[in-house]
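Only this structure's heavy atoms are used, side chains among them; waters, hydrogens and symmetry mates stay out.
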Amino acid sequence: MNIDWIWGLIGGVLIGTGGAVYLLGNGRIMGASGILGGLIDGSGRNNAAERLAFIAGVVLVPLVMWLTVAEAPDTHLTSNTAVIVAAGLLVGLGTRIANGCTSGHGVCGISRLSLRGLIATVIYILAGGLTLALFRHVWGLI
C-alpha cells in the first residue's frame, strides 16, 4: 500500500505547527524566503541566529527523517542541471517579486484569511501549472 499521503500529511501538520509557533513566539509571519532573504541581503542581522536556526531546521529535519525513518523519496526531479538551476532562480525571483513564498502567503496568509496571501497563492499555483505545461508538453525538457 502506498502511504506517501501520510508523509504529506505529517509534513503539512509540521509546517502549519511551525508557522503557528513562529507567529505566537515572535509575533511575525513565518516566511522561509523572507527569513533566508534577510540573511542574504543583511537586513536580518539583528536576529541572524534565529534565522540560521530556522534554515538549519528546514534542511536537517528532512535529512534526519530520511536517514532514520523513511526510505529515499521517489521524486520526479529532472536530471537536467540547467533546468534545475533555472527553476531555482525563477522561484527565488518570484518570491522576491511577490514579497513572500508559499509558506508566508500560502500557509500563514491563507490561515489568517489574508486576501493578499490568497491572491499570491492562486498566482503561484497557476504559474506552476503553466510552467509545468510548457516545460513538459511544449518544450519536452522534463
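- Looking at His105 and Val122, their side chains never come closer than 4.5 Å, going by heavy atoms from C-beta outward.
- Across Gly106 and Thr121, no two heavy atoms sit closer than the pair CA-OG1, 3.2 Å.
- Two residues are said to be in side-chain contact when any heavy atoms from C-beta on lie closer than 4.5 Å; Ile10 and Trp5 fail this criterion.
- Residues Ile55 and Ile15 share a single hydrophobic cluster, defined by chaining ILVMFWY side chains whose heavy atoms lie under 4.5 Å apart.
- Scanning both residues, Glu50 and Tyr22, for their nearest heavy atoms gives OE2-OH, 3.0 Å.
- Transitive grouping of hydrophobic side chains (ILVMFWY, heavy atoms separated by less than 4.5 Å) keeps Met30 and Val21 in distinct clusters.
- Judged by distance alone, with hydrogens and angles left aside, the side-chain atoms of Ser114 form no donor-acceptor pair with the main-chain N or O of Ile110 at under 3.5 Å.
- Closest of all the heavy-atom pairs between Gly104 and Cys108 is O-CB, 3.5 Å.
- In this structure, Cys101 and Tyr124 approach most closely via the heavy-atom pair CA-OH, 3.5 Å.
- Annotation: the span from Trp66 atom CH2 to Leu60 atom CG amounts to 13.0 Å, rounded to 0.5 Å.
- In the hydrophobic cluster analysis, where Ile, Leu, Val, Met, Phe, Trp and Tyr join through side-chain heavy atoms closer than 4.5 angstrom, Leu132 is grouped together with Leu130.
- Closest heavy-atom contact between Pro62 and Gly57: CD-O, 3.9 Å.
- Here the straight-line distance linking atom CG of Leu24 with atom OG1 of Thr17 works out to 11.0 Å at 0.5 Å rounding.
- Listed for the Arg112 side chain is no donor-acceptor partner under 3.5 Å among the backbone atoms of Ile29.
- Within 6.0 Å of CZ on Arg28 lie more than 12 heavy atoms contributed by other residues, nucleotides or ligands.
- Hydrophobic clustering places Val13 together with Trp7 (ILVMFWY residues linked when any side-chain heavy atoms are closer than 4.5 Å, directly or through intermediates).
- Residues Val107 and Leu14 fall into different hydrophobic clusters, defined by Ile, Leu, Val, Met, Phe, Trp and Tyr side chains chained together at heavy-atom separations under 4.5 Å.
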Assess whether side-chain contact (heavy atoms from CB on, under 4.5 Å) is satisfied between Leu89 and Val85, documenting all intermediate values.
-> CA-CA 6 Å; Leu89 291 173; Val85 170; 4.0 Å; yes

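- Rounding to the nearest 0.5 Å gives a distance of 7.5 Å between OG1 of Thr131 and CG of Leu90.
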Might you work through the side-chain contact (heavy atoms from CB on, under 4.5 Å) test for Arg96 and Asp41, ending with a clear yes or no?
-> CA-CA 12 Å; Arg96 295 311 277 181; Asp41 68 14; 3.5 Å; yes

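- Rounded to the nearest 0.5 Å, atoms CG (Asn46) and CZ (Arg51) are 7.0 Å apart.
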